[in-house]
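Quick notes on the structure that follows.
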Protein chains: 2
Amino acid sequence: MDAQAHLHERMRDFPQRCRSAGLKVTHQRTAIYQMLAATERHPSPEEVYEAVRPELPSISLATVYKVLDLFHHHGFLRKISTEKQVARYDANVGEHGHLICDRCGSIKDVPVDGVAGIHLPDQGAFAVSRLEVVFHGVCGDCR
Amino acid sequence: MDAQAHLHERMRDFPQRCRSAGLKVTHQRTAIYQMLAATERHPSPEEVYEAVRPELPSISLATVYKVLDLFHHHGFLRKISTEKQVARYDANVGEHGHLICDRCGSIKDVPVDGVAGIHLPDQGAFAVSRLEVVFHGVCGDCR
DNA sequence: TTAGATGCAAATCTTTTGCAGTGCG
DNA sequence: CGCACTGCAAAAGATTTGCATCTAA
């Protein structure tokens, strides 16, 4: 499935997913989710804010933070931890890893099929809920 | 090798490693590195600061930040990215993954031998320098 | 002796919060 | 209509910076 099809599918299901989660479907939430569903760039809150401003000039950065956090807690988004102090978000919540360029900060998706069957040694009572795989390095553009 | 042996070895090599990196061996740097080499708790800068204060009452938090960043850039420490906005550091720079408890924030080391041979699909010109594997979940104490 | 390191205070950057007003259902 | 949501402004929290002073080599 290509990016366009993903976008279409995600936007089609968005109102229903909000209702299921008990969330109201507002212009702000729709614009934020759409922006994230349409990009492969893994934007920061600030970037999301700038991207939706043309469409919603009165939106506030605080709202963007609140909505991103809400979406993340409801599993609509993945939050990517980086060594920098800004969060990055990804509307693709399916299993995949990330390639982070330590030079320019770009983040690209990468399949991690090989990791799916990773052997987790006995960790006592630790209950694993999800796995995060990040490759650090330098991207093609920076080399 | 147990934790004590690791600590001893790391502290023995510390001055030489500093010199090799062109860094002066100060009381502050020694105390900070020792604190990190002696713990398995993956402390934040604030926690490092509080831990070394009894020994060096006049040390500043800014110095702790500067030293941690310096050590990280020279490969003495690993910086662990979490979803929270505080950094966490680890003196164990050998290959291993982390178990992060999403409830209490504790971080435990975990061997990831299975991941060593992970197949990285062709990513064009992306040059991978290191791999980060994080398991999220809930630790035994929190359950 | 001197380049590099520290400590302090202020600045910056990111994220969160309280609250009055707004709008979705 | 009511409760959840938004926008604003202010606060909080994390990290960085400039600079005068100090110290390891």
Side-chain angles (χ1 to χ4, degrees), chain A residues 14-35 42-74 76-77 79-89 105 107, chain B residues 14-35 42-74 76-77 79-89 105 107:
Chain A
F14 181 69
Q16 178 54 50
R17 296 187 68 194
C18 283
R19 275 179 234 115
S20 304
L23 304 177
K24 290 187 176 175
V25 182
T26 64
H27 293 142
Q28 291 86 340
R29 290 176 181 178
T30 304
I32 290 170
Y33 186 74
Q34 174 151 240
M35 183 268 173
H42 310 84
S44 64
E46 186 73 39
E47 287 168 335
V48 172
Y49 175 59
E50 291 304 335
V52 299
R53 242 137 74 89
E55 187 184 343
L56 297 167
S58 68
I59 196 173
S60 73
L61 183 55
T63 295
V64 173
Y65 270 99
K66 285 170 187 166
V67 170
L68 290 174
D69 189 56
L70 198 70
F71 284 174
H72 175 233
H73 276 93
H74 281 88
F76 293 20
L77 300 176
K79 188 171 183 176
I80 306 169
S81 328
T82 74
E83 282 171 7
K84 316 283 182 224
Q85 69 286 334
V86 285
R88 303 283 292 262
Y89 290 88
I107 302 179
Chain B
F14 180 69
Q16 178 54 50
R17 296 187 68 194
C18 283
R19 274 179 235 116
S20 303
L23 304 176
K24 290 186 177 177
V25 182
T26 65
H27 295 142
Q28 291 86 341
R29 290 176 181 177
T30 304
I32 290 170
Y33 186 76
Q34 175 152 239
M35 183 271 172
H42 311 84
S44 64
E46 187 74 38
E47 287 168 335
V48 172
Y49 175 60
E50 291 304 335
V52 298
R53 242 138 74 87
E55 187 184 344
L56 297 167
S58 69
I59 196 173
S60 73
L61 183 55
T63 295
V64 173
Y65 271 99
K66 285 170 188 166
V67 170
L68 289 174
D69 189 55
L70 198 70
F71 283 175
H72 176 233
H73 275 94
H74 281 89
F76 293 20
L77 300 176
K79 188 171 183 176
I80 306 170
S81 329
T82 75
E83 280 171 8
K84 317 279 183 227
Q85 70 285 334
V86 287
R88 304 282 293 260
Y89 290 88
I107 302 179

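Computed over heavy atoms, backbone and side chain alike; hydrogens, waters and symmetry mates excluded. Proteins get letters first, then strands, A, B, ... in listed order; numbering begins at 1 in each.
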Can any side-chain N or O of [X] pair as donor or acceptor with the backbone N or O of [Y] at less than 3.5 Å?
{"X": "A/H73", "Y": "A/D69", "answer": "yes"}
{"X": "A/R88", "Y": "A/H42", "answer": "yes"}
{"X": "A/E47", "Y": "A/S44", "answer": "yes"}

### Contact list for DNA chain D against residues 52-60 of chain A - heavy-atom distance below 4.0 Å
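DNA chain D contact set from residues 52-60 of chain A: A/S58, A/I59, A/S60.
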### Inter-residue atom distance B/K66.NZ - B/F71.CZ, 0.5 Å rounding
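Answer for the NZ-CZ pair, B/K66 versus B/F71, is 14.0 Å.
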### Query
Mind checking whether A/Y89 and A/H72 have parallel, tilted or perpendicular rings, split at 30° and 60°?
perpendicular
### Task
Classify the ring geometry between B/F14 and B/Y33 as parallel (under 30°), tilted (30 to 60°) or perpendicular (over 60°).
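Correct class here is parallel.
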### Message
Applying side chain to side chain donor-acceptor pair (under 3.5 Å), can you list everything that pairs with A/E50, at least two apart in sequence or on another chain?
### Response
A/R53
### Query
Looking only at side-chain N and O atoms, does A/R29 come under 4.0 Å of OP1 or OP2 in D/dT6?
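So the side chain of A/R29 is within the cut-off, an N or O lying under 4.0 Å from OP1 or OP2 of D/dT6.
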### Candidate pair B/V48 and B/V67, rule side chain to side chain contact (heavy atoms under 4.5 Å, CB included), full reasoning
CA-CA 11 Å; B/V48 172; B/V67 170; over 6 Å; no
### Task
Specify the angle, to 10°, made by the local axes at the two ends of the helix from C/dT1-D/dA25 to C/dG25-D/dC1 when five pairs are taken at each end.
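Roughly 50° between the end axes, to the nearest 10°.
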### Message
Please list all pairs meeting salt bridge (charged side-chain N to carboxylate O under 4.0 Å, His left out) that have one or both residues in residues 14-24 of chain B, counting only residues at least two apart or in different chains.
### Response
none
### Query
Which heavy atom of A/S81 sits nearest a heavy atom of B/S81, and at what distance?
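Distance-wise, the nearest heavy atoms are CB-CB, 3.5 Å.
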### Task
Of all the heavy-atom pairs spanning A/I59 and A/V64, show the shortest one and how long it is.
CD1-CG2, 4.1 Å
When the distance from [atom1] of [X] to [atom2] of [N] is rounded to whole Å, what number comes out?
{"X": "A/F71", "N": "D/dC5", "atom1": "CZ", "atom2": "P", "value": "10 Å"}
{"X": "B/Y49", "N": "D/dT15", "atom1": "OH", "atom2": "C1'", "value": "14 Å"}
{"X": "A/E50", "N": "C/dC13", "atom1": "CD", "atom2": "P", "value": "14 Å"}
{"X": "B/L70", "N": "D/dT16", "atom1": "CG", "atom2": "P", "value": "12 Å"}

### Query
When you look at B/L56 and B/H27, which way does the side chain to side chain contact (heavy atoms under 4.5 Å, CB included) test go after all the steps?
CA-CA 8 Å; B/L56 297 167; B/H27 295 142; 4.0 Å; yes
### Query
Going through the distances and angles, do A/L23 and A/R29 end up as a side chain to side chain contact (heavy atoms under 4.5 Å, CB included)?
CA-CA 10 Å; A/L23 304 177; A/R29 290 176 181 178; 3.6 Å; yes
#### Entry: Base versus backbone protein contacts along nucleotides 20-25 of chain D [heavy-atom cut-off under 4.0 Å; B, S, -]
----BS
## Note on the structure
Readout for nucleotides 14-20 of chain C: B = base within 4.0 Å of protein heavy atom, S = sugar-phosphate only, - = neither; 5' to 3' it is SBBBB--
